[in-house]
Number of protein chains: 2
Amino acid sequence: MPMAEMAGTPHRRPTVYDVATDAGVSAMSVSRVLNGNGNVSSQMRRRVMRSVAKLGYRRNENARSLRPGQRSGLVGVIITNIENPYYAQVLLGIEDALDASDRRIVVGLSHGDPDRETRLIADFAGRQVEGLVLVPCGADAAETSRALGDLPLVLASRAHPGLDADTVVIDDREGSQRGVAALLEEGYRRIAFLGNDEQVSTSQRRFEGYQQALGAAGIAVETGLVRRTCRDQQSSAEAIRGLLATETVDAVFCANNQVTTGVLPELVAWQRRHPNRALIPVLGVDGFRMSSLVEHPLMLVEHDARALGRSAAELLTNRLGPKVAESAPRVTLTLPTVLRQEHS
Amino acid sequence: MPMAEMAGTPHRRPTVYDVATDAGVSAMSVSRVLNGNGNVSSQMRRRVMRSVAKLGYRRNENARSLRPGQRSGLVGVIITNIENPYYAQVLLGIEDALDASDRRIVVGLSHGDPDRETRLIADFAGRQVEGLVLVPCGADAAETSRALGDLPLVLASRAHPGLDADTVVIDDREGSQRGVAALLEEGYRRIAFLGNDEQVSTSQRRFEGYQQALGAAGIAVETGLVRRTCRDQQSSAEAIRGLLATETVDAVFCANNQVTTGVLPELVAWQRRHPNRALIPVLGVDGFRMSSLVEHPLMLVEHDARALGRSAAELLTNRLGPKVAESAPRVTLTLPTVLRQEHS
DNA sequence: TTGAAAGCGCTAACAC
DNA sequence: GTGTTAGCGCTTTCAA
């Protein structure tokens, strides 16, 4: 049984010196054994390991990373909202990729609050994270840079023009365009857009895809059919209610899965109340669990959130590695989307 | 512009000493100003803060926590699978509660692998986390204890009999019982159980609820109707396929949302292929997004995953606080469930 | 191959 | 109110 568990022992965890004393060697030898690099006799190794096990010793990674040149093995990840399974997937991908270099993740949730985001960045920097993966929520670039200092940064899912950082995004403009074009081909004309405001770059790109598809079909964007107030499921539900009450709608384009999942129940309920109106199909960006159970016409612009997280983490570890100069040109990865007819 | 950003500056972050030199004071004064406790003249405060801003100084939390008695401000959270929105909610609750004491989260995903869980615990301990919230996945209690050392532990969602730790669980045995009883009252007799094996305590309790409800109705558990091989959506889908192929089933009890979401599409598809069979209602434990869109008879035993996370974190911060003795008796919180008819 | 000393950044304890 | 000293746990010199 490790000493630490013995009753009455005062609460001080064993240090290299405790191990050294117990093994009758120097602290330095303990360090060498534990790191596996230096030349150590196999006999020394055995003695030290025995004491390590006996005392229940564990290296203090914080003290270790105090020495210059030592890595903390910690990476900060700031996402907006983990409730959204999309970001959970991103996190999963990040974890996946970082595990390869044996780094751990400190998570922060900005909840979409730029001030909170900035505070988290500063906090993480103080905790000596080696770098940061950020899903930005619209904080001022200058403030973000200040909080970052010299921390390597990778932006995931959303770009930020003002920030000089590696970025992974999906080609949602193109995906949106293809999706809307598909609706147009099926004969739908009055296609509504439901999304977040222009600040959110993803929403903006998806709106552009919408515009371009309409433009290519010679249709002007009708402002009455555009609602850019959808911040979550709640506001999306309100938006579709308002839309259905005031406009004639042929089809609905939902710019993200929060919007889709907010809109669908409302829309389905509305159609039940108006059984002789034609079905209003939904085009959504991002998949969601159980989408296959939806009985309403639904088409999805999907992509691999996990791969996005993985790519972001890989960009970061590259940047952290010895090979890439800190000043190497920034990279932007654009991942493709897939259009899928979920239900028709 | 902070010095650190100036071109050509060698990459050493400013320390208290740099700030002290710049401000013409001692390092101790800088420390005092930054901590806000000690008596410092307002003039000193101003001078220091000016230099801090000028140099872009940020306290090194790792070095700080090296001093005895200083907290690292880090809490480890190990969950099995973040893809499951249920655990994402738990994490959200934990983050919520920890934010109040300005602590951050290091996350680890065990992916249901006990060895990995043990390694993560040891890793986190080495990183000086103050405590741990763990969703255990069945690792040996002795090994877990060894890895933990003297780290305060809170178990969330699943109990672990061998571990001496505060625990938050939900009353899923009782909830399951009520749910199954409700099915029995509606006249269903051959009710299948789909869940994980006995190792997983939640699954076990839910199975007990199933047993008790059947027992109270004078019905014996039929082993042919019990499948305890459901580890994820995939295996759950396989289980229901096998069940439908070999048994007559009146209703299905799914012991968690992975099972429910794995079973539902299969079941719905099967019923479409057998239109003259009676509808087989599903009773599931845990809610899931979009459940309201399911058109299949569905009843859910739900609870507040976020509250569970919050409670777990609160138990931990209590244990960490100065008020509670380390040896204070362990607490087990049992949160209630709600039975909800989602679709009939 | 092993050990001794020095220092990473910070702050508690003790001067003044 | 402010400064000096020492040491938290570890590892990089450098010496043996």
Open item on the list: Is there a side-chain contact between B:Leu153 and B:Leu151 in this structure, where contact means two heavy atoms from C-beta onward sitting under 4.5 Å apart?
Closed with: no
TODO: Consider the side chain of A:Val16, meaning its heavy atoms from C-beta on, and name the nucleotide among C:dC10, C:dG3, D:dG9 that approaches it most closely.
DONE: D:dG9
Open item on the list: I want to verify a distance call: between C:dG9, D:dC10, C:dA13, whose nearest atom is closest to the B:Arg12 side chain?
Closed with: C:dG9
- [ ] Take atom CG of B:Asn62 and atom C1' of C:dC8, then tell me their distance rounded to the nearest Å.
- [x] 12 Å
Task: A:Gln43 CD - C:dT1 P separation (whole Å) - done: 13 Å
- [ ] Counting heavy atoms from C-beta on, name the nucleotide in C:dG3, D:dC8, D:dG1 closest to the side chain of B:Leu66.
- [x] D:dC8
Task: Interatomic distance where CD belongs to B:Glu61 and P belongs to C:dG9 [whole Å] - done: 15 Å
TODO: Let me know, please, whether B:Tyr57 or A:Met44 comes out on the 5' side of the other along DNA chain C by nearest nucleotide.
DONE: A:Met44
Task: Side-chain touch A:Thr15/A:Asp18, heavy atoms, less than 4.5 angstrom - done: yes
- [ ] Using a cut-off of strictly less than 4.0 Å, decide whether B:Gln128 has a side-chain nitrogen or oxygen near OP1 or OP2 of D:dC8.
- [x] no
- [ ] Find the distance A:Arg46:CZ to C:dT2:P and express it as a whole number of Å.
- [x] 12 Å
- [ ] May I ask you to test the B:Glu61-B:Gln70 pair for a side-chain heavy-atom distance under 4.5 Å?
- [x] no
Open item on the list: D:dG3, OP1 or OP2 - any side-chain N/O from B:Arg32 closer than 4.0 Å?
Closed with: no
Open item on the list: Looking at C:dT2, I'd like to know if its phosphate oxygens (OP1 or OP2) sit under 4.0 Å from a side-chain N or O belonging to A:Ser41.
Closed with: yes
TODO: Measure the distance from CG on A:Asn60 to C1' on D:dG9 and round it to the nearest whole Å.
DONE: 6 Å
Task: Donor-acceptor contact present, side-chain B:Ser201 to main-chain B:Ala159, <3.5 Å - done: yes
Task: Nearest-nucleotide pick for A:Asn39, side chain only, options being C:dT1, C:dG9, D:dT12 - done: C:dT1
Open item on the list: Taking 4.0 Å as the cut-off, does a side-chain nitrogen or oxygen of B:Arg64 come that near to OP1 or OP2 on C:dG9?
Closed with: no
Open item on the list: Just N and O in the side chain of A:Tyr17: are any of them under 4.0 Å from OP1 or OP2 of C:dA4?
Closed with: no
TODO: State which of D:dG3, D:dT11, C:dT2 makes the closest approach to the side chain of B:Ser26.
DONE: D:dG3
Open item on the list: For B:Arg158, is there an ion pair with B:Glu117 - N to carboxylate O distance below 4.0 angstrom?
Closed with: no
Task: Between P of D:dA16 and CE of A:Met28, the distance in whole Å - done: 17 Å
- [ ] Write down the distance between CG (B:Asn35) and C1' (C:dA13), rounded to a whole number of angstrom.
- [x] 15 Å
TODO: Starting at atom CD of B:Gln70, determine the distance to atom C1' of C:dA13, rounded to an integer number of angstrom.
DONE: 14 Å
Open item on the list: For a quick check of understanding: with a heavy-atom distance under 4.0 Å over all strands, which category does B:Arg67 fall into, base, sugar-phosphate or nothing?
Closed with: base
